[in-house]
*Asks:* 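This is the structure, below, for whatever I ask next.
Not measured: the values here are computed from a predicted model. In the text below, chain A, chain B and the rest are named by the order of the sequence lines, each starting its count at 1.
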Protein chains: 2
Amino acid sequence: MEETDRAIVAALTADGRLSYTDLAEKVGLSVSAVHQRVRRLEQRGVIKGYAARVSFEALDLPLTAFVAIRPFDPSQPDDAPERLAHLPEIDSCYSVAGEDFYLLLVRVAGPADLERVLQEIRTAANVTTRTTVVLSTPYENRPPKISAEQPNRARSRAPEERAGSSAG
Amino acid sequence: MEETDRAIVAALTADGRLSYTDLAEKVGLSVSAVHQRVRRLEQRGVIKGYAARVSFEALDLPLTAFVAIRPFDPSQPDDAPERLAHLPEIDSCYSVAGEDFYLLLVRVAGPADLERVLQEIRTAANVTTRTTVVLSTPYENRPPKISAEQPNRARSRAPEERAGSSAG
DNA sequence: TGTGAAATGTACAGGGT
DNA sequence: ACCCTGTACATTTCACA
């Protein structure tokens, strides 16, 4: 991916409602060119969508917790993510290496709700849970790094290097 | 917060680029009214901003990991979040209950990068690390629940209930 | 809530590398 | 052939009453 595309993605992760006018100014392109590139990035799946970042406290979801789960019976087929997908309190589901099978991020209104959700998780996926309560969130979902494309020395080499071998 | 506001927030978490026209249609209000409400939600901090949802694989950040940290010397002042904030590989930082002090979510290009970031975390915050590699992500950052405001039985009770008991 | 002017989004056709 | 540019029109934003 080109550097201009990376600049566009970086700008849109920081502010997803940037106008094409501002975006064009930021990356030094015309409005039409930026518009085309954004559409291409969306089609290619690099940009998967847009979302409002909200205050979970204001939405009456002040309690966040990580829930590590592992199957009660490891011989059964492992389809926990699908079995749990219907629970709206689950924000994210990660399949992880290590002792646990999955790590869930859940957001609830309070301890009573957490207890209920944990029970629902256990019965829905037939798993045991180990819960870590989040006390505060210094920062979350920051814009990603987006470095300049790493040189990838295997495919494109500097001209001086090319002299040695044939292959073309 | 009113139900209409909740509907607005729910719609914008699902699609942050919804036009006010579409938004007004969804919640059954005039365009101007929706526009005003969104501005108020933004001012009140309920809506903190907007962001593009991106494919981290496409951005050359295919490796995600959770890094639990605890201080090497627990008697020192605990300012790990500030000390680590400059590392762009850290997506999120949660202060947690339990054995560990913080749980970090990091995104990197590969194992070599992860090793480098772990070393930087240890030296920058004077902590030990315990890392859990993410193998896959069935889902992540789903739109939150956004229920209709819960009745809050302590303050407003149904008429039938009021007869029987005193003081809860 | 409705109106209207200004800004923006979007498609189209032309031109440069 | 691809990508950038500029113009022209539909839509949206946003302040005001």
*Asks:* Does any N or O in the side chain of B:R142 come within less than 3.5 Å of the main-chain N or O of A:A85, such that one atom is a donor and the other an acceptor?
*Replies:*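 The answer is yes, because a donor-acceptor pair under 3.5 Å joins these two groups.
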*Asks:* Taking the six-membered ring of A:Y20, is NZ or CZ of A:R39 closer than 6.0 Å to its centre and within 45° of its axis?
*Replies:*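 No, A:R39 does not sit over the ring of A:Y20.
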*Asks:* D:dC3 P sits how many Å from A:I8 CD1, rounded?
*Replies:*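 The distance from CD1 of A:I8 to P of D:dC3 comes to 12 Å, rounded to the nearest Å.
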*Asks:* Side chains of B:R107 and B:T64: do they bring a donor and an acceptor to under 3.5 Å?
*Replies:*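 Judged by distance alone, the side chains do pair up.
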*Asks:* Would you compute the distance between atom OG1 of A:T131 and atom CG of A:L118 and round it to the nearest 0.5 angstrom?
*Replies:*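 So the OG1 of A:T131 and the CG of A:L118 are separated by 4.0 Å.
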*Asks:* Could you state the CG-P distance from A:L12 to C:dG9, rounded to the nearest angstrom?
*Replies:*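 Distance, rounded to whole Å: 11 Å.
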*Asks:* Between A:E2 and A:T4, is the side-chain hydrogen bond (donor to acceptor under 3.5 Å, both in side chains) condition met? List the steps.
*Replies:* CA-CA 5 Å; A:E2 299 178 24; A:T4 305; 4.7 Å; no
*Asks:* Would you mind building the protein contact string for nucleotides 12-17 of chain D? One character per nucleotide, 5' to 3', B for base within reach (heavy atoms under 4.0 Å), S for sugar-phosphate only, - for untouched.
*Replies:* SSBB--
*Asks:* Starting from P on C:dT10, measure out to CD on A:Q43 and report it in whole angstrom.
*Replies:*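 Answer to the nearest Å: 13 Å.
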